[in-house]
Peer 1: 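Dumping the structure here so I can ask a few things about it.
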Amino acid sequence: MNITVEKTLELPTAVLIVRELEAALKAEQKKRKHFYTVIDETKKMEFINGEIYFQSPAKLWHTQAVGNLSQLLSAFAAENKRGIVATEKLLISLSRNDYEPDVCFFAAEKAETFTPKQMQFPAPDLIVEVLSESTARHDRVTKFEDYAGHGVGEYWIVDPENEVVEQYSNHEGVYELILKSGDGHIKSIVIQGFDIPIRAIFDKNSMMESLKRILDFTLSNDA
């Protein structure tokens, strides 16, 4: 049993607390329904713990990191038929919150259930969030716990300012740090065979070299 639940049950007012929580969550769900009516395809919007958040325009280093990584992941996933990759505007709907991750990956088995007109999606297998001043707290706290609790197998937090990536693996609903570095290679846990230089996330030339290796490797295997 969760330690918070155990502590609550020790209180004589436990039933009153639960009633208050149920009322608060019911009101929150009304806000969430409103969110679905106002969500705009031209804006990045998320529903987090009862509030609607709009993301401000991204800095260049943010968009470059998202672009570099999404190109590499997309090429590898497509060439090896591993699944699909999406960026930013794909809405992930979890039990309480709705997110639009910077980059996410769905393994083929899960992706095959999606339909062309689908607008809300389940928890991905890999999520990458690129830090910015306005999103850092959510990326490191709320999303960190939510993604882990909903079974996202792997989570990367990319710091474009310091050019460092953190890689987390999900173990029974809790993320464990397995890599934090600005150099060397990063090897995905859930995408078998995806192994890139960390510099390729931040540097266009390194990204292009890595992309060429992915495509050349696929072509050589098909020959």
Side-chain angles (χ1 to χ4, degrees), residues 23-75 77-78 83-108 110-161 165-166 168 201-202 204 207:
L25 289 175
K26 186 176 181 179
E28 183 177 290
Q29 286 305 305
K30 290 183 179 179
K31 290 184 179 180
R32 194 176 189 185
K33 289 180 180 179
H34 173 68
F35 167 75
Y36 293 145
T37 65
V38 300
I39 193 167
D40 188 335
E41 291 184 0
T42 66
K43 299 174 182 177
K44 184 168 183 177
M45 302 170 62
E46 297 181 314
F47 186 84
I48 304 176
N49 293 350
E51 300 296 332
I52 297 174
Y53 289 87
F54 295 83
Q55 184 168 314
S56 58
K59 291 183 172 65
L60 180 60
W61 60 33
H62 183 283
T63 58
Q64 287 179 330
V66 171
N68 289 344
L69 186 53
S70 64
Q71 286 188 69
L72 293 171
L73 276 170
S74 296
I84 62 172
V85 175
T87 58
E88 296 188 314
K89 283 303 297 170
L90 198 79
L91 188 68
I92 306 303
S93 293
L94 304 183
S95 58
R96 184 182 180 188
N97 297 321
D98 299 274
Y99 305 108
E100 293 184 344
D102 289 319
V103 183
C104 61
F105 165 82
F106 297 91
K110 188 180 294 183
E112 288 170 358
T113 67
F114 300 160
T115 63
K117 292 185 178 180
Q118 188 166 335
M119 295 182 65
Q120 292 175 257
F121 297 83
D125 297 283
L126 164 69
I127 288 181
V128 180
E129 296 286 9
V130 179
L131 296 176
S132 63
E133 292 178 4
S134 62
T135 66
R137 184 179 182 280
H138 282 150
D139 293 341
R140 291 194 174 281
V141 181
T142 308
K143 294 181 180 181
F144 190 91
E145 295 180 3
D146 217 1
Y147 292 163
H150 285 84
V152 178
E154 186 174 356
Y155 183 35
W156 296 9
I157 297 178
V158 175
D159 180 348
E161 181 175 6
V165 61
E166 300 168 28
Y168 295 88
I201 301 174
F202 308 105
K204 192 71 173 181
M207 187 279 289

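We use all heavy atoms of the structure for the numbers below, so side chains are in, but hydrogens, waters and symmetry mates are not. When a residue number appears, it is its place in the shown sequence, counting from 1.
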Peer 1: Report the residues that fulfil side-chain hydrogen bond (donor to acceptor under 3.5 Å, both in side chains) with S95, sequence neighbours left out, ordered by chain and then residue number.
Peer 2: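 Partners of S95 by the side-chain hydrogen bond (donor to acceptor under 3.5 Å, both in side chains) criterion, ordered by chain and then number, come out as H150.
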
Peer 1: Going by salt bridge (Lys or Arg N to Asp or Glu O under 4.0 Å), name the residues that satisfy it together with K204, two or more places apart in sequence or in a different chain.
Peer 2: none

Peer 1: Is it true that a side-chain atom of N68 and a backbone atom of M207 form a donor plus acceptor pair closer than 3.5 Å?
Peer 2: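 No, N68 side chain to M207 backbone: no donor-acceptor pair under 3.5 Å.
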
Peer 1: Let me see the working for L69 and V130 under side-chain contact (heavy atoms from CB on, under 4.5 Å), right down to the final yes or no.
Peer 2: CA-CA 10 Å; L69 186 53; V130 179; over 6 Å; no

Peer 1: On a heavy-atom basis, which atom in D125 and which in A107 lie closest, and how many Å separate them?
Peer 2: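 Looks like OD2-N, 2.8 Å.
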
Peer 1: Report, as yes or no, whether the 6.0 Å neighbourhood of atom NZ on K89 holds more than 12 heavy atoms from other residues, nucleotides or ligands.
Peer 2: yes

Peer 1: Of K33, K31, R32, K44, which is the lone residue that meets salt bridge (charged side-chain N to carboxylate O under 4.0 Å, His left out) with D98?
Peer 2: R32

Peer 1: For S132, enumerate each residue passing the side-chain contact (heavy atoms from CB on, under 4.5 Å) test, keeping only those at least two apart in sequence or located in another chain.
Peer 2: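 H62, S134, T135.
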
Peer 1: In sequence, state the C-alpha distance, the side-chain angles, and the governing distance for N49 and R96, and then conclude on side-chain contact (heavy atoms from CB on, under 4.5 Å).
Peer 2: CA-CA 7 Å; N49 293 350; R96 184 182 180 188; 3.5 Å; yes

Peer 1: Measure the shortest side-chain to side-chain distance between E28 and F47 over non-hydrogen atoms and say whether it is less than 4.5 angstrom.
Peer 2: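 Answer yes - side chains close enough.
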
Peer 1: Can you find a heavy atom in the side chain of Y99 that is under 4.5 Å from one in the side chain of T142?
Peer 2: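 Yes; the side chains approach each other to less than 4.5 Å.
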
Peer 1: The criterion is side-chain contact (heavy atoms from CB on, under 4.5 Å); which residues satisfy it with Y53, sequence neighbours excluded?
Peer 2: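 Checked Y53 against side-chain contact (heavy atoms from CB on, under 4.5 Å); matches are I48, E51, H138.
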
Peer 1: Within a 6.0 Å radius of atom CD on Q120, are there more than 12 heavy atoms belonging to other residues, nucleotides or ligands?
Peer 2: yes

Peer 1: List for me each residue that meets salt bridge (Lys or Arg N to Asp or Glu O under 4.0 Å) alongside K59, sequence neighbours excluded, and say none if there are none.
Peer 2: none

Peer 1: Quick one: does L91's side chain get under 4.5 Å of M119's, heavy atoms only?
Peer 2: no

Peer 1: Contact between F106 and P124 at the side-chain level, heavy atoms closer than 4.5 Å - yes or no?
Peer 2: yes

Peer 1: Can you find a pair of side-chain heavy atoms, one from L94 and one from Y147, that are under 4.5 Å apart?
Peer 2: yes

Peer 1: Can you tell if the side chain of F202 reaches within under 4.5 Å of the side chain of V158, non-hydrogen atoms only?
Peer 2: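 Sidechains of V158 and F202: in contact.
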
Peer 1: In chain order, what residues pass the side-chain hydrogen bond (donor to acceptor under 3.5 Å, both in side chains) check against E88, with sequence neighbours excluded?
Peer 2: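 By the side-chain hydrogen bond (donor to acceptor under 3.5 Å, both in side chains) rule, E88 matches no residue at all.
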
Peer 1: D159: which residues meet the salt bridge (Lys or Arg N to Asp or Glu O under 4.0 Å) condition with it, sequence neighbours left out?
Peer 2: none

Peer 1: Partners of E46 by salt bridge (Lys or Arg N to Asp or Glu O under 4.0 Å), sequence neighbours excluded?
Peer 2: K143

Peer 1: Can you list the residues that meet the side-chain hydrogen bond (donor to acceptor under 3.5 Å, both in side chains) rule with Q64, with sequence neighbours excluded?
Peer 2: none

Peer 1: Tell me whether D139 contacts the main-chain N or O of E129 through its side chain, where contact means a donor paired with an acceptor under 3.5 Å.
Peer 2: no

Peer 1: Identify, with sequence neighbours excluded, every residue that meets side-chain contact (heavy atoms from CB on, under 4.5 Å) alongside R140.
Peer 2: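 Counting only residues at least two positions away or on another chain, R140 forms a side-chain contact (heavy atoms from CB on, under 4.5 Å) with L131, I157, E166, Y168.
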
Peer 1: If you compare all heavy atoms of H34 against all heavy atoms of I52, which two are closest, and at what distance to 0.1 Å?
Peer 2: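 In this case the closest contact between H34 and I52 is CD2-CD1, 4.3 Å.
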
Peer 1: Can you name the nearest heavy-atom pair linking V85 to S70, along with the distance?
Peer 2: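 Of all heavy-atom pairs spanning V85 and S70, the closest is CG1-O, 4.4 Å.
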
Peer 1: Test of understanding: with side-chain contact (heavy atoms from CB on, under 4.5 Å), list the residues that count as partners of Q118, not counting sequence neighbours.
Peer 2: F114, T115, F121, P122

Peer 1: Would you compute the distance between atom CD1 of I84 and atom CZ of F105 and round it to the nearest 0.5 angstrom?
Peer 2: 9.0 Å

Peer 1: Of all residues at least two apart in sequence or in a different chain, which pass the side-chain hydrogen bond (donor to acceptor under 3.5 Å, both in side chains) check with Q71?
Peer 2: none

Peer 1: Using a 3.5 Å distance criterion without hydrogens, assess whether the side chain of K43 forms a donor-acceptor pair with backbone atoms of F54.
Peer 2: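 Judged by distance alone, no pair lies under 3.5 Å.
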
Peer 1: Got a second to check how far I92's CD1 is from N97's CG, nearest 0.5 Å?
Peer 2: 12.5 Å

